[in-house]
Student: 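Okay, handing you the structure first.
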Amino acid sequence: QEPLVESGGGSVQAGGSMNLTCVGSEAIFGSIFDSCLLAWFRQSPGKEREGVASIYKYSSAKYYSDSAKGRFAISRDNGKNTLYLHMLDLKPEDTGIYYCAADLRCGAPWYSPDSKTWGLGTQVTVSS
């Protein structure tokens, strides 16, 4: 049993779409110990892990990286302890391992990889 488990990755041609799912424990999604921030990060070949999209628990504010803006959509279903990432118009540069992340802190930048609880990741491959 892991605190966060991603699924939905695979291979797709450029221009295609894909939906990622992250199922979390009740401690993270639906208890008094809920994280302030839930996010998706990715690790592309030869690059550092970077934030892709995020959603805050209390304000429900959503933020996206420049590359994801306009193409990706993050959402959560607290009743199902599930986080989603809907991706449209995928590009080869979107290729990488996508990780679900949770952060108890409310004041840290959403894109910071520090002090987060991670899933094991799901591979997304986009072919040109």
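Quick note: numbers below take in every heavy atom, side chains included, and nothing from hydrogens, waters or symmetry partners.
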Student: Could you tell me whether the side chain of Thr82 reaches within less than 4.5 Å of the side chain of Thr21, counting heavy atoms only?
Tutor: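 Yes, close enough: below the 4.5 Å cut-off.
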
Student: Which value, rounded to the nearest 0.5 Å, describes the distance between Leu20 atom CG and Glu6 atom CD?
Tutor: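 Output value for this atom pair is 8.5 Å.
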
Student: Can you tell me how far apart CG (Leu37) and OG (Ser54) are? Round to the nearest 0.5 Å.
Tutor: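 It comes to 5.5 Å.
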
Student: Atom CD1 of Ile55 and atom NZ of Lys62: how far apart are they, to the nearest 0.5 Å?
Tutor: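 Ile55 CD1 to Lys62 NZ: 5.0 Å, rounded to 0.5 Å.
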
Student: Which pairs, with at least one residue in residues 86-97 and sequence neighbours excluded, count as a side chain to side chain donor-acceptor pair (under 3.5 Å)?
Tutor: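 Matches after skipping sequence neighbours: Asn19-His86, Arg42-Asp94, Arg71-Asp94.
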
Student: Would you find more than 12 non-hydrogen atoms of other residues, nucleotides or ligands less than 6.0 Å from Tyr111 atom OH?
Tutor: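 No.
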
Student: I need the full list of salt bridge (charged side-chain N to carboxylate O under 4.0 Å, His left out) pairs touching residues 106-122, with sequence neighbours left out, sorted by first then second residue.
Tutor: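 Only Asp103-Lys116 qualify under salt bridge (charged side-chain N to carboxylate O under 4.0 Å, His left out).
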
Student: Might you point out which heavy atoms bring Leu83 and Ser75 nearest each other, and give the distance in Å?
Tutor: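 In terms of heavy atoms, the two residues are closest at CD1-O, 3.3 Å.
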
Student: Hey, could you give me the SG/CZ distance between Cys22 and Arg76, rounded to the nearest 0.5 Å?
Tutor: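 Cys22 SG to Arg76 CZ: 10.5 Å, rounded to 0.5 Å.
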
Student: For a quick test of reading the model, state the closest non-hydrogen atom pair linking Ile74 to Leu38 and the distance between them.
Tutor: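 Nearest pair, atom of Ile74 first, then Leu38: CD1-O, 4.1 Å.
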
Student: Are any of the side-chain heavy atoms of Ser7 and Thr122 separated by less than 4.5 Å?
Tutor: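 Not in contact.
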
Student: Going by heavy atoms in the side chains, are Val52 and Tyr64 under 4.5 Å from each other?
Tutor: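 They are not in side-chain contact.
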
Student: Taking everything shown except Gln123 itself, do over 12 heavy atoms lie less than 6.0 Å from its CD?
Tutor: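 More than 12 within 6.0 Å, yes.
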
Student: Taking all heavy atoms of Ser65 and all of Gly51, pick out the closest pair and write down the distance.
Tutor: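 Result for this residue pair: CB-O, 3.5 Å.
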
Student: What pair of heavy atoms forms the shortest contact from Gly24 to Leu4, and how long is it?
Tutor: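 Looks like CA-CD2, 3.8 Å.
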
Student: Ile97 and Leu85: same hydrophobic cluster, using ILVMFWY side-chain contacts below 4.5 Å?
Tutor: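 Cluster IDs for Ile97 and Leu85 differ.
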
Student: Using 0.5 Å steps for rounding, measure from the OG atom of Ser11 to the CG atom of Leu90.
Tutor: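 If I round to the nearest 0.5 Å, the distance is 11.5 Å.
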
Student: Heavy-atom distance under 4.5 Å between the side chains of Val124 and Met18, does that happen here?
Tutor: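 A side-chain contact exists here, since the closest heavy-atom pair is under 4.5 Å.
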
Student: Start with the C-alpha gap between Trp118 and Phe41, add the side-chain angles, then the distance that decides, and say whether ring pair (Phe, Tyr, Trp, His ring centres under 6.0 Å) holds.
Tutor: CA-CA 9 Å; Trp118 303 97; Phe41 283 69; 5.0 Å; yes

Student: Do you know the tightest heavy-atom contact between Thr117 and Pro3?
Tutor: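 Closest heavy-atom pair between Thr117 and Pro3: CG2-CG, 3.9 Å.
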
Student: If you take all heavy atoms of Ala61 and Tyr63, which pair is closest and at what distance?
Tutor: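 What the structure gives for the nearest pair is CB-CE1, 3.7 Å.
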
Student: Any side-chain heavy atom of Met87 sitting closer than 4.5 Å to one from Ser17?
Tutor: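 A side-chain contact is absent here, since even the closest heavy-atom pair is not under 4.5 Å.
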
Student: Could you tell me whether Phe72 and Trp40 have their ring centroids closer than 6.0 angstrom?
Tutor: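 Ring-ring flag for Phe72/Trp40: false, centres at least 6.0 Å apart.
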
Student: Within a reach of under 6.0 Å around OH of Tyr84, are more than 12 heavy atoms found that belong to other residues, nucleotides or ligands?
Tutor: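 Counting neighbours around OH of Tyr84, more than 12 heavy atoms of other residues, nucleotides or ligands fall under 6.0 Å, so yes.
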
Student: Between Ser44 and Lys47, is there a donor-acceptor pair closer than 3.5 Å when you use the side chain of the first and the backbone of the second?
Tutor: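 Not confirmed, Ser44 side chain does not pair with Lys47 backbone.
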
